[in-house]
Peer 1: 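Below is one structure. I have some questions about it.
For this chain, numbers begin at 1 and follow the sequence in order. A quick note: this is a predicted structure, and the numbers were derived from the prediction, not measured.
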Amino acid sequence: MAVLKILLGLTLFSANCFALYSPSSDVIELTESNFDKLVTKGDEIWIVEFFAPWCGHCQSFAPEYQKAATRLKGVVKVGAVNADEHKSLGGRFNVRGFPTVKIFSTNKYSPEEFNGQRTAQGLIDAALSAIKSKVKGGSSGSNKESKSDDVIELTDSNFDKLVLQSEDMWLVEFFAPWCGHCKNLAPHWAKAATELKGKVKLGALDATVHQAKAAQYGVKGYPTIKFFNTGKKSASSVEEYDGGRTSSDIVTWALDKLAQNVPPPEVVQIVDEKSFKEHCDKPLCVISVLPHILDCQSECRNQYLQTLAKIGERYKQKMWGWLWTEAGAQSELESALDIGGFGYPAMAVMNSKKLIYSILRGSFSETGINEFLRDLSYGRGNTASIRGGKLPKILEVAVWDGKDGELPPEEDIDLSDVDLNDKEEL
């Protein structure tokens with residue numbers, strides 16, 4: 001009996017050790033029994049990791065994957081398959097190594113292989129790209145026919161459960177059956193619902209019948225369209241829809257909101273070649289050189305980083321990379337971008353494909369940086385070629401520990417062997 005208990009305990013311990021994601025995780029567990037129902041037959045875009053619990057690379061990847069799942073919640077579904085246990089799914093999708101990540105978007109039976117960086121930001125960038133690709137495909141020719149049943153019928157009794165208690169993004173039309181403008185909107189609303197299926201939900205509520213909800217949201221004319229963002233919802237978080245009334249207007253407005261909901265990029269310290277290339281393999285990368293820690297201690301440095309994070313939020317739809325380094329830590333980079341030697345903080349925006357850059361000439365402040373980046377985004381501003389015609393060499397440096405800098409201790413000089421009274425004869 002004692003041996004049986006020990007064996008049972010070891011089995012349970014082993015099973016728990018092999019679980020990379022907990023049941024409370026934002027990573028959804030996918031198995032042979034639920035995969036088709038949730039992924040291939042569902043409308044949502046999915047990012048799916050095929051892993052083996054004994055795989056060291058999978059274990060290292062798990063924290064980043066978990067982080068991406070949390071940040072993409074309500075935007076794209078993130079799941080994981082234990083392919084060691086569910087071998088048929090691994091074979092079905094041609095999984096040959098671990099971890100393998102696939103993106104299930106337009107063609108659910110032939111998913112796209114994820115070949116980006118195995119970081120939360122790399123996964124988020126891939127998710128946003130998949131959303132844009134799917135909608136462009138749906139708008140340009142799609143064989144998809146608009147279906148009125150893609151518009152979800154809402155009532156006083158199901159509204160809270162479907163809209164308020166869900167993690168999804170919603171556009172809700174409050175209409176009256178006799179309203180001419182509502183009748184004109186109906187085919188556009190249906191077409192938009194079809195194109196946005198799996199990304200943003202479109203609902204319709206007959207306000208003449210379900211008057212409680214119409215009154216709750218201050219509906220006084222028809223049609224009235226309200227926007228309910230992802231995540232937890234409250235009456236105060238509801239927004240008025242202020243876009244056009246054609247299907248393309250509705251789709252564009254909804255996708256802008258969806259893109260706004262994508263988490264902002266991380267402002268990453270340049271610590272080695274990998275971190276540099278990973279974040280500069282983007283349309284543009286914004287590189288800041290901050291003062292040395294002895295010239296600008298932790299509070300000062302964090303203020304600069306907070307400013308950069310705030311501006312990164314504003315420009316997150318551009319999918320740029322955001323990097324920083326300490327003055328003097330990457331001297332070749334500073335030289336290549338001509339930002340060394342005239343004071344810190346400094347900033348340059350680089351296109352690593354064209355090997356060109358532009359320098360911030362104004363103030364390193366929220367206003368100054370915003371004006372600089374706004375001009376660049378509109379194609380204005382002066383550019384120059386990177387010195388040497390190639391990307392500079394990046395040194396491996398320590399990650400900043402978040403603490404203040406300290407001067408190195410002064411060395412004590414041993415004067416015990418020196419005869420201070422001894423005078424050299426002239």
Peer 1: Got a sec: does the NZ of K108 have more than 12 other heavy atoms crowding it under 6.0 Å?
Peer 2: yes
Peer 1: Using the ring of each side chain (for Trp, its six-membered ring), is F228 parallel, tilted or perpendicular to F159, with breaks at 30° and 60°?
Peer 2: perpendicular
Peer 1: Is the backbone of K197 close enough, under 3.5 Å, to the side chain of K199 for a donor and an acceptor to pair up by distance?
Peer 2: yes
Peer 1: Would you say the side chain of L333 lies within less than 4.5 Å of the side chain of F276, judging by non-hydrogen atoms?
Peer 2: yes
Peer 1: With side-chain hydrogen bond (donor to acceptor under 3.5 Å, both in side chains) as the test, pick out the partner of K213 among H210, Q211, Q216.
Peer 2: Q216
Peer 1: Decide yes or no on salt bridge (Lys or Arg N to Asp or Glu O under 4.0 Å) for E113 and K102, but give the supporting numbers first.
Peer 2: CA-CA 5 Å; E113 189 94 12; K102 296 196 178 261; 2.7 Å; yes
Peer 1: Is there a side-chain contact between T224 and E240 in this structure, where contact means two heavy atoms from C-beta onward sitting under 4.5 Å apart?
Peer 2: yes
Peer 1: Classify the ring geometry between Y222 and W178 as parallel (under 30°), tilted (30 to 60°) or perpendicular (over 60°).
Peer 2: perpendicular
Peer 1: State the NZ-CE distance between K233 and M169, to the nearest 0.5 angstrom.
Peer 2: 8.5 Å
Peer 1: Are the side chain of S352 and the backbone N or O of C280 linked by a donor-acceptor pair below 3.5 Å?
Peer 2: yes
Peer 1: Measure across Y217 and V238 and return the closest heavy-atom pair with its distance rounded to 0.1 Å.
Peer 2: CE2-CG2, 3.8 Å
Peer 1: So, taking the atom named NZ in K316 and the one named CG in L128, what distance separates them when rounded to the nearest 0.5 Å?
Peer 2: 9.5 Å
Peer 1: On a heavy-atom basis, which atom in P392 and which in E273 lie closest, and how many Å separate them?
Peer 2: O-OE2, 4.2 Å
Peer 1: Is the number of heavy atoms from other residues, nucleotides or ligands under 6.0 Å of Q269 CD greater than 12?
Peer 2: yes
Peer 1: Any side-chain heavy-atom pair from N302 and L305 closer than 4.5 angstrom?
Peer 2: yes
Peer 1: Are more than 12 heavy atoms, taken from residues, nucleotides or ligands other than E239, located less than 6.0 Å from that residue's CD atom?
Peer 2: yes
Peer 1: Hey, is NZ on K310 packed in by over 12 heavy atoms from elsewhere, all under 6.0 Å?
Peer 2: no
Peer 1: Looking at R380, I'd like to know if its CZ atom is crowded, meaning that more than 12 non-hydrogen atoms belonging to other residues, nucleotides or ligands lie closer than 6.0 Å.
Peer 2: yes
Peer 1: Looking at E299, I'd like to know if its CD atom is crowded, meaning that more than 12 non-hydrogen atoms belonging to other residues, nucleotides or ligands lie closer than 6.0 Å.
Peer 2: no
Peer 1: With no hydrogens and no angle check, is any side-chain donor or acceptor of Q59 less than 3.5 Å from a backbone partner on P53?
Peer 2: yes
Peer 1: Whether the Q66 and S25 side chains hold a donor-acceptor pair (N or O, under 3.5 Å, no angle test) is what I'd like checked.
Peer 2: yes
Peer 1: Can you tell me if NZ on K318 sees more than 12 non-hydrogen neighbours from other groups inside 6.0 Å?
Peer 2: no
Peer 1: Assess, by modelled atom type and distance only, whether the side chains of Q121 and D125 contain a donor and an acceptor separated by less than 3.5 Å.
Peer 2: yes
Peer 1: Is the distance between the ring centroids of F35 and F93 under 6.0 Å?
Peer 2: yes
Peer 1: Taking atom types as modelled, find out whether T367 and N370 have a side-chain donor-acceptor pair closer than 3.5 angstrom.
Peer 2: no
Peer 1: Rounded to the nearest 0.5 Å, what separates atom OG1 in T155 from atom CG in L205?
Peer 2: 7.0 Å
Peer 1: Do the side-chain N and O atoms of S88 and E32 include a donor-acceptor pair separated by under 3.5 angstrom?
Peer 2: yes
Peer 1: What is the ring orientation for Y21 with F51, classed by angle as parallel under 30°, tilted 30 to 60°, or perpendicular over 60°?
Peer 2: perpendicular
Peer 1: Would you say the side chain of K257 lies within less than 4.5 Å of the side chain of N229, judging by non-hydrogen atoms?
Peer 2: no
Peer 1: Can I152 and K201 be said to form a side-chain contact (heavy atoms from CB on, under 4.5 Å), step by step?
Peer 2: CA-CA 8 Å; I152 300 166; K201 292 188 175 181; 4.1 Å; yes
Peer 1: Could you tell me whether a side-chain N or O of T252 sits under 3.5 Å from a main-chain N or O of D249, the two making a donor and an acceptor?
Peer 2: no
Peer 1: Supply the atom-to-atom distance D36 CG to Y109 OH, rounded to the nearest 0.5 angstrom.
Peer 2: 6.0 Å
Peer 1: Roughly how far, to the nearest 0.5 Å, is the NZ atom of K274 from the NE2 atom of H279?
Peer 2: 9.5 Å
Peer 1: Would you check, one step at a time, whether the test side-chain contact (heavy atoms from CB on, under 4.5 Å) holds for L255 with L196?
Peer 2: CA-CA 8 Å; L255 287 178; L196 289 167; 4.1 Å; yes
Peer 1: Hey, mind stepping through E326 and R301 against side-chain contact (heavy atoms from CB on, under 4.5 Å) and telling me if it holds?
Peer 2: CA-CA 10 Å; E326 180 179 79; R301 177 174 288 183; 2.7 Å; yes
Peer 1: Would you say the rings of W253 and F227 are close, in the sense that their centroids are separated by under 6.0 Å?
Peer 2: yes
Peer 1: So R118 and P99, do their side chains get closer than 4.5 Å, heavy atoms only?
Peer 2: yes
Peer 1: Going by heavy atoms in the side chains, are P345 and P291 under 4.5 Å from each other?
Peer 2: yes
Peer 1: Under the side-chain contact (heavy atoms from CB on, under 4.5 Å) criterion, do Y65 and C58 qualify, and how do the steps go?
Peer 2: CA-CA 10 Å; Y65 198 68; C58 303; over 6 Å; no
Peer 1: Is there side-chain contact between L395 and Q330, with heavy atoms separated by less than 4.5 Å?
Peer 2: yes
Peer 1: Checking the side chain of E49 only, and the main-chain atoms of V101 only, is there a donor and an acceptor separated by less than 3.5 Å?
Peer 2: no
Peer 1: Regarding S247 and E195, is there a side-chain donor-to-acceptor distance under 3.5 Å anywhere?
Peer 2: no
Peer 1: Which heavy atom of V163 sits nearest to which heavy atom of V172, and what is that distance?
Peer 2: CG2-CG2, 4.5 Å
Peer 1: To check you understand the geometry: which heavy-atom pair defines the closest contact between V81 and L89, and what is its length?
Peer 2: CG1-CD1, 3.9 Å
Peer 1: Hey, could you give me the CD1/CG distance between I124 and L72, rounded to the nearest 0.5 Å?
Peer 2: 5.0 Å
Peer 1: Return the minimal non-hydrogen interatomic distance between A346 and F364, and the atom names on each side.
Peer 2: O-CE1, 3.6 Å
Peer 1: Just so I know, are the side chains of L308 and M347 near enough to count as touching, which here means a heavy-atom distance under 4.5 Å?
Peer 2: yes
Peer 1: Okay, side chain of W46, backbone of L38: is any donor-acceptor separation there less than 3.5 Å?
Peer 2: yes
Peer 1: Run the numbers on D150 and K191 for salt bridge (Lys or Arg N to Asp or Glu O under 4.0 Å), then give the verdict.
Peer 2: CA-CA 9 Å; D150 287 333; K191 186 177 181 182; over 6 Å; no
Peer 1: Does the W189 side chain pair with the main chain of G203, one donor and one acceptor, at a distance under 3.5 Å?
Peer 2: yes
Peer 1: When you measure from the side chain of D281 to the backbone of G116, do you find a donor-acceptor pair of N or O atoms at a distance under 3.5 Å?
Peer 2: no
Peer 1: Please find out if less than 6.0 Å separates the ring center of Y315 from that of W322.
Peer 2: no
Peer 1: Ignoring hydrogens, what is the shortest heavy-atom contact between I359 and F372? Give both atom names and the distance.
Peer 2: O-CE1, 3.4 Å
